[in-house]
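Every chain is numbered from 1 and lettered A, B, ... according to where its sequence line falls, protein lines coming before strand lines.
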Amino acid sequence: MTANTAIKRIGFCCKYLDSNGETVPDKNYRGTTVAWLNRQSKDVAEQRLWDIMEHNVHATFRVVTEVGSMEPSLRMMRLGSDMLPVYTEPTWSYFWRRADVIAFLERELAKVGELARKLDVRLSFHPGQYCVLVSASDDIVTRSIDEFEYHVDMARWMGYGTTWHDHGFKINVHLSGRRGADGIIHALGRMSTEARNLITIENDEMTAGIDNILALENHVALVLDLHHHWVHSASYLDTQDDRVQRIVNSWRGTRPTLHYSVSREDLLIGHPTDTLPNRELLKSQGHKIQKLRAHSDMMWNTAVNDYALSFLPQFDIQVEAKHKNLASTALYRYYTNL
DNA sequence: GAGGGTCAAGTCCGT
DNA sequence: ACGGACTTGACCCTC
């Protein structure tokens with residue numbers, strides 16, 4: 001717990017856009033592909049990885065500076081998993097063990113972490129769909145732990161993870177995979193102390209709903225995804241629902257974060273913007289559940305916004321929308337004008 | 001410079 | 001069993 005936990009935050013994910021919706025190059029990540037690296041000489045490939053590393057780490061510093069200049073309630077963002085490309089890819093992972101690379105990351109990411117704490121910017125990571133800690137395959141579990149520990153390495157270099165969700169930091173994953181909740185408990189035993197301090201588990205749309213993730217309430221902090229819950233159960237939660245309170249309690253005193261998104265506006269053209277979307281009604285009208293999962297550009301529905309904001313006294317809100325910080329800032333403006 | 005194809009990885013669903 | 005969605009643009013290559 002830190003002194004800033006009284007602040008109610010609304011944050012965004014992974015990319016920073018200017019007011020025109022354009023990606024700002026010096027505050028966003030560059031990338032490469034394994035296929036491209038494999039086509040180059042070793043020297044050329046390593047130089048590219050070094051250049052991308054420098055750019056991405058410095059871009060992180062600049063975007064944290066930017067977010068840290070915003071109103072206190074907007075100082076929250078998820079960092080992209082692509083900061084250090086091919087970190088866990090077998091052919092190229094050796095690059096990230098080079099002494100000069102590690103020295104750079106130790107030095108520069110420490111500055112990023114210090115800046116985030118000084119400016120009171122709440123940060124997080126969200127490993128992607130290929131990080132499946134509870135896969136039925138042992139090999140996939142092992143590689144997923146490696147992928148998770150990659151995110152832990154970045155967090156550790158930034159100075160997070162020595163204590164339970166310090167400064168609200170989280171590394172969030174889903175509970176998809178056949179081993180279910182027990183698989184997480186097993187995986188935790190194979191992970192670093194910092195990983196166990198930072199991991200959160202989120203309910204998903206198709207497989208693990210909140211009832212499933214609650215099996216882990218005494219093991220990890222739980223992330224409530226409101227849209228996933230709607231897709232999974234066709235229902236809306238009351239903030240006083242016992243299950244919501246158990247999710248809050250799983251954070252053991254740290255202010256929780258929830259995830260908030262809504263179905264694409266171009267899928268629901270003509271839907272009243274002040275009425276809660278009804279999943280069963282939409283389904284009966286021919287909307288496919290798969291399609292309803294996809295995220296909107298902006299938070300276009302004031303009824304769902306009111307629903308999500310009703311959780312703000314208890315949770316920070318991570319907005320997942322294609323228009324990124326433009327969507328989270330607009331939601332905050334809506335909130336302050338209520 | 002524009003346009004089109006490519007991209008490390010897993011899981012689930014529909015057919 | 002297999003293809004596609006999910007997401008998701010950014011990058012790379014060709015023209």
Side-chain angles (χ1 to χ4, degrees), chain A residues 12-18 21-40 44-45 47-49 51-53 55-56 59 78-96 125-151 172-180 183-184 187 201-209 212 225 227-228 231-232 259 261-264 266-267 283 286-297 319-327:
Chain A
F12 65 98
C13 300
C14 304
K15 274 184 66 180
Y16 184 83
L17 306 178
D18 67 20
E22 302 289 332
T23 302
V24 183
D26 78 335
K27 297 186 181 70
N28 287 288
Y29 294 163
R30 293 171 50 201
T32 186
T33 64
V34 173
W36 185 89
L37 293 169
N38 287 345
R39 285 194 293 270
Q40 316 305 312
V44 169
Q47 187 60 49
R48 176 62 65 96
L49 287 174
D51 292 344
I52 290 173
M53 170 185 73
H55 172 87
N56 289 354
R78 174 190 306 168
L79 299 175
S81 294
D82 49 349
M83 178 158 43
L84 310 179
V86 301
Y87 193 92
T88 58
E89 198 280 330
T91 313
W92 295 101
S93 56
Y94 79 90
F95 173 84
W96 301 103
F125 284 118
H126 191 347
Q129 63 200 128
Y130 301 115
C131 184
V132 185
L133 294 171
V134 299
S135 171
S137 153
D138 291 337
D139 182 50
I140 291 169
V141 171
T142 297
R143 283 185 285 120
S144 294
I145 290 173
D146 287 346
E147 179 70 9
F148 193 90
E149 293 287 350
Y150 151 54
H151 293 80
N172 179 63
V173 287
H174 293 255
L175 184 55
S176 56
R178 299 246 166 81
R179 289 190 199 189
I184 291 293
I201 299 290
E202 171 186 1
N203 60 305
D204 67 52
E205 309 102 307
M206 309 305 291
T207 312
N212 300 103
D225 187 306
H227 186 57
H228 291 172
V231 172
H232 191 266
H259 291 180
S261 55
V262 66
S263 299
R264 293 197 54 76
D266 62 1
L267 198 67
K283 191 176 166 188
H287 289 283
K288 296 279 180 275
I289 300 290
Q290 287 275 22
K291 294 285 186 185
L292 292 171
R293 295 165 68 183
H295 295 167
S296 64
D297 291 340
V319 171
E320 297 178 316
K322 289 166 77 77
H323 288 180
K324 305 300 180 188
N325 52 299
L326 303 184

> Just the rounded figure in Å: distance from C1' of B:dA9 to CG of A:Leu84.
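Taking atom C1' of B:dA9 as the reference, CG of A:Leu84 is at 17 Å.
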> If only side-chain N and O atoms of A:Thr33 are considered, is one of them under 4.0 Å from the OP1 or OP2 phosphate oxygen of C:dC12?
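No, A:Thr33 has no side-chain N/O under 4.0 Å of OP1/OP2 on C:dC12.
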> Could you please name the option among B:dT11, C:dA10, B:dA8 that lies closest to any side-chain atom of A:Thr88?
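When the side chain of A:Thr88 is considered, B:dA8 is the closest of B:dT11, C:dA10, B:dA8.
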> Provide the distance between the two C1' atoms, one in C:dT8 and one in B:dG4, to the nearest whole Å.
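Result for the C1' pair: 16 Å, nearest Å.
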> Using a 4.0 Å heavy-atom cut-off across all strands, classify A:Gln290 as base, sugar-phosphate, or nothing.
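A:Gln290: backbone/sugar contact only, no base atoms under 4.0 Å.
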> Would you mind pulling out the nucleotide paired to B:dG10, Watson-Crick or G-U wobble, both distances under 3.5 Å?
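Its partner is C:dC6 (Watson-Crick or G-U wobble, both distances under 3.5 Å).
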> Regarding A:Ser137, tell me which of base, sugar-phosphate or nothing describes its non-hydrogen contacts under 4.0 Å with the strands shown.
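Answer is nothing: A:Ser137 stays at 4.0 Å or more from every strand.
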> So, is A:Arg39 close to the C:dC13 phosphate, meaning a side-chain N or O under 4.0 Å from OP1 or OP2?
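Yes, within the criterion.
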> For C:dT7 and A:Lys322 - does any side-chain N or O of the residue sit under 4.0 Å from the phosphate oxygens OP1/OP2?
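No, outside the criterion.
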> Among B:dC7, C:dT8, B:dA9, which is the nearest nucleotide to the side chain of A:Tyr130?
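Looking only at side-chain atoms, A:Tyr130 lies closest to B:dA9.
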> Pick the P atom in B:dA8 and in C:dC2, then give their distance to the nearest Å.
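Their P atoms lie roughly 22 Å apart.
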> May I have the distance from A:Gln40 (atom CD) to C:dC11 (atom C1'), rounded to whole angstrom?
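A:Gln40 atom CD is separated from C:dC11 atom C1' by 12 Å.
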> To the nearest Å, how far apart are A:Gln129 CD and C:dT7 P?
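Atom CD in A:Gln129 sits about 9 Å away from atom P in C:dT7.
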> Salt bridge between A:Asp82 and A:Arg30, side-chain N to carboxylate O under 4.0 Å?
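No, A:Asp82 and A:Arg30 are not salt-bridged.
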> For B:dG10 and A:Arg143 - does any side-chain N or O of the residue sit under 4.0 Å from the phosphate oxygens OP1/OP2?
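Result: yes.
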> Taking side chain as C-beta onward, heavy atoms only, is A:Trp96 less than 4.5 Å from A:Met53?
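Contact flag for A:Trp96/A:Met53 side chains = yes.
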> Please tell me which of A:Thr32 and A:Lys324 maps to the more 5' nucleotide of DNA chain C, matching each residue to the nucleotide holding its nearest heavy atom.
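Mapping each residue to its closest nucleotide by heavy atoms, the 5'-most match is A:Lys324.
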> Over 60° means perpendicular and under 30° means parallel, so classify the ring planes of A:His174 and A:His228, tilted if in between.
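Tilted, since the angle between the ring planes falls between 30° and 60°.
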> Whole-Å distance between B:dT11 P and A:Leu133 CG?
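Roughly 11 Å, once rounded to whole Å.
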> Can you find a pair of side-chain heavy atoms, one from A:Val134 and one from A:Leu175, that are under 4.5 Å apart?
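When only atoms from C-beta onward are counted, A:Leu175 and A:Val134 do touch, with a gap below 4.5 Å.
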> Take the angle between the ring planes of A:Phe125 and A:His151 and call it parallel below 30°, perpendicular above 60°, tilted in between.
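Because their plane-to-plane angle is over 60°, the rings of A:Phe125 and A:His151 count as perpendicular.
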> Do any side-chain nitrogens or oxygens of A:Arg48 fall under 4.0 Å of OP1 or OP2 in C:dC12?
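It does, given that an N or O in the side chain of A:Arg48 lies less than 4.0 Å from OP1 or OP2 of C:dC12.
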> Does a side-chain N or O from A:Ser144 land closer than 4.0 Å to OP1 or OP2 of B:dA9, or not?
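No, outside the criterion.
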> Suppose you measure atom P in C:dT7 against the same atom in B:dC13; what distance do you get, rounded to whole Å?
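Those two atoms are separated by 15 Å.
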> When you get a sec, tell me which of B:dC12, C:dT7, C:dC11 is the closest nucleotide to the side chain of A:Arg30?
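The closest nucleotide is C:dC11.
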> Could you tell me whether the phosphate oxygens of C:dC13, OP1 or OP2, come under 4.0 Å of any side-chain nitrogen or oxygen in A:Trp36?
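Yes, within the criterion.
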